[in-house]
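Everything below concerns the one structure shown next.
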Protein chains: 2
Amino acid sequence: MTKIKALPEPTLRRIPKYIHLLMQMKKQGVVHVSSATIADELGLDSIQVRKDLSLAGMVGKPKVGFDMTELVEGLMNILNWGNLKEAFLAGAGNLGEAILGYKKFNDYGLNIVAAFDNDESKIGKKIYGIEILPIEKIANMIKRMHIKIGVITAPPEHAQEVANLMIEGGIWAIWNFAPVHLKIPEDIILENVQLSHSLSALTYKLAEKIKTNDYKIPN
Amino acid sequence: MTKIKALPEPTLRRIPKYIHLLMQMKKQGVVHVSSATIADELGLDSIQVRKDLSLAGMVGKPKVGFDMTELVEGLMNILNWGNLKEAFLAGAGNLGEAILGYKKFNDYGLNIVAAFDNDESKIGKKIYGIEILPIEKIANMIKRMHIKIGVITAPPEHAQEVANLMIEGGIWAIWNFAPVHLKIPEDIILENVQLSHSLSALTYKLAEKIKTNDYKIPN
DNA sequence: AACCTATCGATATATTTTTATCGATATAAA
DNA sequence: TTTATATCGATAAAAATATATCGATAGGTT
C-alpha cells in the first residue's frame with residue numbers, strides 16, 4: 001500500500017459522501033465511475049473530486065474512470081470503517097437513546113457496548129439491549145476493557161466531568177454531543193457534534209435571505 | 001448598524017462557540033473580555049478571534065477589550081437568535097423525538113410547532129406537546145402557515161421525498177439529519193447534520209493514532 | 001504630566017484549499 | 001492502423017483562510 005500522508009480536513013469530510021454515493025451506485029450495478037459523475041451527483045467540482053481521490057491514494061484509468069469496488073473499499077479502508085471499535089456512551093437521555101438505537105453506526109466502526117448514567121432510576125435497565133451502568137464505574141471499565149472511544153451525550157453541566165472520567169480511564173477519542181467546549185489534553189482526539197452550531201449557520205443564512213427578499217414578502 | 005458583508009463560513013461556525021463561552025463568563029460577572037482570553041479558553045488564536053469579531057462588526061477598546069454585554073448581544077443578533085422561527089419536523093423516530101425534546105433549540109431561534117410522519121400508529125399522538133400529523137399534509141400546511149424551516153429526521157430512503165414535499169410547500173431552509181445527499185434547488189438553504197461524517201473523521205484520526213502508536217500497544 | 005503596557009485593528013505575509021490548464025493515455029471508432 | 005475523445009493526473013494559478021507584524025490608543029502608574 002502506498003503511504004498516504006494525513007488528509008486535509010475538508011477532504012476527510014467529503015470522503016463519507018463519496019462512500020455513500022458509491023455504495024448506492026454499486027448496488028445498482030455500476031462498475032466504473034468518473035470523477036465528473038461523482039461531482040455531478042454531489043454538486044461538487046470534478047477537479048476537486050479527482051484531487052480528493054488522489055490524496056486518498058486512489059487511481060483511475062483515462063477514458064474509464066475508477067473501478068467501483070476498488071474505490072469503495074479503498075475509501076472505507078482509509079476511514080477505518082469495517083474495523084469495529086468498542087465504545088462507551090455516557091448520558092442515557094433522549095439523545096443518548098437515539099444514538100444507541102441507531103445501529104447504523106456499526107457500519108462506521110462504532111460499536112457501543114455499554115451506557116453510563118448518574119440517574120439511579122435508569123441504572124440496570126437496558127436500552128436496545130445495551131445495559132446502563134452507574135457513571136462512577138466508567139473510568140475503571142474503560143481501563144479494564146481497553147475502550148478507545150467515548151461518546152458524551154450527557155447534559156452540558158456534566159460533560160466536562162464525564163470527559164475527565166473518560167480521560168482518567170485512558171480513552172483515546174471522544175465524540176462529544178454536549179454543547180460545551182471540552183478542555184482535554186492535546187493528544188486525545190475530539191470530535192464535536194454541536195447541533196446548535198449547525199442550526200446557527202442555518203438561521204444566519206435564513207436571516208440573510210429574508211433580509212434580501214424583504215422588499216417583497218412572499219404570500 | 002454598520003453594514004456587514006456575508007461572513008466567511010469558518011467564522012460563522014466559530015461564532016456560536018464565542019457566544020457560549022461569553023454567556024458563561026457573563027453569568028460569572030465578567031464585564032470585559034480580551035481576544036486573548038477568548039482564544040485561550042477555546043484553544044484558538046487571539047488574532048483569529050479579533051479578526052472574527054471584527055468581521056462581525058464588533059469593536060473593542062485597547063487595554064480593555066470588548067464589552068461583554070455588547071459582544072454577546074451583537075453576536076446573537078448576527079445569528080438571529082432570539083428571533084424565533086416556526087419550523088416543522090418530518091420523521092418522528094428516535095432522532096426526531098430527541099430533537100423535539102431538546103427545548104434548548106428555542107434559544108437558537110428554532111420553534112418546532114408540528115411533527116409529521118407516515119406511520120399510522122404515531123399520527124395523532126403528541127411528543128413533548130407537539131402533535132404528530134400525517135406527512136401528506138406537510139406541503140399544504142407549510143404554505144398556509146408560512147413555515148420557513150423544515151427539519152428532516154426521516155429515514156434515508158424517504159428523505160428526498162420529504163424534502164420534495166417541503167419544497168413544494170415553499171420552505172426556505174432545510175435542516176437535514178438523514179444520511180443522504182439531498183437534491184434541492186440552489187436558492188434553498190440546506191444545513192446537513194451527518195453524524196456518520198463526524199464519526200468518520202473520528203475513526204480516521206483514531207486509526208492514524210493507533211498506527212503511529214502500534215509499536216507499543218498500551219496495556 | 002510623562003511614561004508604561006495591554007490590547008486593538010490595520011496591513012502584510014504565509015498557508016491551505018479550491019479551481020484551472022494541459023499533456024498523457026486507454027479505449028472505441030473509422 | 002490511425003484517429004478521435006473521454007478521462008486521468010500533474011502542475012500552475014487563484015481564492016480563501018489563518019497567522020504575523022506593528023503602529024495607535026486607552027487607561028493605569030510613577
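Sequence lines set the chain letters: A, B, ... in the order given, protein chains first and strands last, and positions in each chain run from 1.
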Next on the checklist: Between A/Lys211 and A/Glu208, does any NZ, NE, NH1 or NH2 come within less than 4.0 Å of an OD or OE carboxylate oxygen?
Outcome noted: yes
Next on the checklist: Just to be sure I understand the geometry, which residues of residues 39-51 of chain B put a non-hydrogen atom under 4.0 Å away from DNA chain D?
Outcome noted: B/Asp45, B/Ile47, B/Gln48, B/Lys51
Checklist entry - How large an angle, rounded to 10°, do the end axes of the helix from C/dA1-D/dT30 to C/dA30-D/dT1 enclose when each is built from five base pairs? => result 0°
Checklist entry - Checking all strands, does A/Ser54 fall into the base, sugar-phosphate, or nothing category for heavy-atom contacts under 4.0 angstrom? => result nothing
Next on the checklist: Tell me which residues in residues 18-31 of chain B lie within less than 4.0 Å of DNA chain C, going by non-hydrogen atoms.
Outcome noted: none
Give the table of side-chain donor-acceptor pairs shorter than 3.5 Å for residues 85-112 of chain A, with sequence neighbours excluded, one pair per line with atom names and distance.
residue  : atom : partner  : partner atom : Å
A/Asn94  : OD1  : B/Tyr128 : OH           : 2.9
A/Asn94  : ND2  : B/Tyr128 : OH           : 2.8
A/Tyr108 : OH   : A/His20  : NE2          : 3.0

Next on the checklist: For B/Asn164 and B/Gln160, which I'm curious about, is there any donor-acceptor pair between the side chains at under 3.5 Å?
Outcome noted: yes
Checklist entry - Has A/Lys26 got more than 12 heavy atoms of other residues, nucleotides or ligands less than 6.0 Å from its NZ? => result yes
Next on the checklist: On DNA chain C, does the nearest nucleotide to A/Thr11 precede the nearest nucleotide to A/Lys61 from the 5' side, or the other way round? Give the residue.
Outcome noted: A/Thr11
Item to check | Residue pair A/Leu71 / A/Ile38: nearest heavy atoms and the distance that separates them | outcome: CD2-CD1, 4.3 Å
Checklist entry - Without hydrogens or angle criteria, can the side chains of A/Thr203 and A/Ser200 be said to hold a donor-acceptor pair below 3.5 Å? => result no
Item to check | pair A/Arg14-A/Gln48: side-chain heavy atoms closer than 4.5 Å | outcome: yes
Checklist outcome for this item: Per nearest nucleotide of DNA chain C, the residue lying toward the 5' end, B/Val59 or A/Glu9, is B/Val59
Checklist entry - Got a second to check how far B/Thr11's OG1 is from B/Lys51's NZ, nearest 0.5 Å? => result 8.5 Å
Item to check | For chain B, the stretch of DNA chain D it reaches, first to last nucleotide, under 4.0 Å of its heavy atoms | outcome: D/dT17 to D/dG27
Checklist entry - In whole angstroms, how far is the C1' atom of C/dT18 from the CG atom of A/Asp52? => result 10 Å
Item to check | For A/Ser198, side-chain hydrogen bond (donor to acceptor under 3.5 Å, both in side chains) partners two or more places apart | outcome: B/Trp175, B/Glu191
Checklist outcome for this item: Separation of C/dT19 atom C1' from A/Leu55 atom CG, nearest Å, is 14 Å
Item to check | Taking every non-hydrogen atom, the tightest pair across B/Gln194 and B/Asn176 | outcome: NE2-ND2, 4.1 Å
Checklist entry - Regarding B/Tyr18 and B/Asp52, is there a side-chain donor-to-acceptor distance under 3.5 Å anywhere? => result yes
Next on the checklist: Any non-hydrogen side-chain atom of B/Phe177 less than 4.5 Å from a side-chain atom of B/Ile152?
Outcome noted: no
Checklist entry - Which atom names give the shortest non-hydrogen contact between A/Leu75 and A/Ala56, and what distance separates them? => result CD2-CB, 4.0 Å
